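A short write-up of the structure that comes next.
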Amino acid sequence: LVPEEPPPELVLKLLLVAWRLSSEDRWSTLEVLKCDRPAPEWVLRGRHFSEDFQSCRTEVVVPLNAHETLTVASHEAALRSLGLESLFYGLIESDGDVILYQLRPAPLLSPPGLRPLSEAAFMAPEVVAAAAAAAGAEQGKTEIQSTRAKRRARLAAA
């Protein structure tokens, strides 16, 4: 990261996002930084507090106009370039409002014994396949038995 002044055409984007972040209690100590490629050229960096204000991390916010394209590949390249696990994006709408998004990896499931009952239990694919095969075989037996019973009933009625 190299300290330098942003070009005039980017100053408004950075200012709008900085203004939005400064209006929140959970953001502090904002600075504008120029990054090396493939990261976005200009970003905001600041301290971001957790919801309960028990912890604080340095986070990066990328300003984007509503018409700019963001791809998964460009996001992942920026993460690698900056050495981060997640990025915030300040999406600037046409009226100047800024919507803040965070893109981060999905949280992994807890170990089976630690999951709340509201989460589905993990089953190995082999176990699921064996259960499906057994259910299919049982259903086939039931259908055969049902067909035999219908034949017997027809023969008895005749």
Side-chain angles (χ1 to χ4, degrees), residues 1-140:
L1 302 172
V2 181
E4 189 179 313
E5 289 195 26
E9 62 272 10
L10 295 176
V11 171
L12 183 59
K13 281 174 45 174
L14 292 162
L15 180 63
L16 288 171
V17 175
W19 194 0
R20 163 70 163 74
L21 295 174
S22 69
S23 70
E24 290 191 15
D25 293 338
R26 293 177 52 202
W27 284 92
S28 165
T29 318
L30 296 173
E31 59 184 334
V32 175
L33 298 171
K34 180 177 172 42
C35 302
D36 297 325
R37 291 285 180 191
E41 191 172 6
W42 290 93
V43 298
L44 291 162
R45 183 170 65 181
R47 302 294 289 163
H48 184 242
F49 292 89
S50 63
E51 289 185 30
D52 59 3
F53 287 90
Q54 297 299 315
S55 63
C56 180
R57 296 177 48 155
T58 299
E59 299 284 1
V60 172
V61 183
V62 179
L64 288 177
N65 285 325
H67 66 274
E68 290 182 83
T69 303
L70 173 66
T71 65
V72 173
S74 66
H75 170 71
E76 290 175 348
L79 289 175
R80 282 190 303 275
S81 174
L82 296 168
L84 300 172
E85 292 180 9
S86 70
L87 279 175
F88 283 86
Y89 290 91
L91 181 64
I92 304 166
E93 296 181 325
S94 59
D95 61 358
D97 285 342
V98 176
I99 301 171
L100 194 61
Y101 293 96
Q102 182 183 21
L103 294 182
R104 63 176 181 242
L108 299 175
L109 292 176
S110 305
L114 300 177
R115 290 185 196 157
L117 295 175
S118 60
E119 285 187 22
F122 173 79
M123 295 187 77
E126 301 81 30
V127 174
V128 174
E138 187 62 36
Q139 183 179 2

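A quick note: this is a predicted structure, and the numbers were derived from the prediction, not measured.
Leu16 CG to Leu91 CG: the interatomic distance, rounded to the nearest 0.5 Å, is 11.5 Å. Note that the CG atom of Asn65 and the CG atom of Leu12 stand 8.5 Å from one another [nearest 0.5 Å]. A distance of 9.0 Å separates CZ of Arg20 from CG of Asp97, quoted to the nearest 0.5 Å. To the nearest 0.5 Å, atom CD of residue Glu76 and atom CG of residue Leu103 are 10.5 Å apart. A distance of 11.0 Å separates OH in Tyr101 from CG in Leu64, rounded to the nearest 0.5 Å. Atom CG of residue Leu82 and atom CZ of residue Arg45 lie 10.0 Å apart, to the nearest 0.5 angstrom.
Nearest heavy atoms, Tyr89 versus His75: OH-ND1, 2.8 Å. Smallest separation of non-hydrogen atoms from Ser86 and Gln102: OG-NE2, 3.2 Å. When all heavy atoms are compared, the tightest approach of Glu85 to Leu79 is C-CD2, 3.8 Å. Looking at every heavy atom in both residues, Leu44 comes nearest to Leu14 through CD1-O, 3.8 Å. Shown here for Leu30 and Ala18, the closest heavy-atom pair between the two residues is CD1-O, 3.7 Å.
Remark: of the listed residues Val61, Leu33, Val17, Leu33 is the sole one forming a side-chain contact (heavy atoms from CB on, under 4.5 Å) with Val43.
Under the 30°/60° scheme for interplanar angles, the aromatic rings of Trp27 and His48 are found to be tilted.
Ion pairing between Arg26 and Glu59 fails under the 4.0 Å rule for side-chain N and carboxylate O. A salt bridge links Lys34 to Glu41: one of the charged nitrogens lies within less than 4.0 Å of a carboxylate oxygen.
Heavy atoms from other residues, nucleotides or ligands lying under 6.0 Å from CD of Glu9 number more than 12.
Residues Val60 and Phe88 fail the side-chain proximity criterion, which asks for heavy atoms closer than 4.5 Å. Side-chain contact between Glu93 and Val98 is absent, with no heavy-atom pair separated by less than 4.5 Å. Contact check for Lys13 versus Ile92: side-chain heavy atoms found under the 4.5 Å cut-off.
Here Phe49 pairs with Phe53 under the ring-ring contact (aromatic ring centres under 6.0 Å, His included) rule; sequence neighbours left out. Residues satisfying the side-chain contact (heavy atoms from CB on, under 4.5 Å) criterion with Thr71, sequence neighbours excluded, are Thr69, Ala73, Ser74.
Side chains of Arg47 and Thr58: a donor on one and an acceptor on the other come within 3.5 Å.
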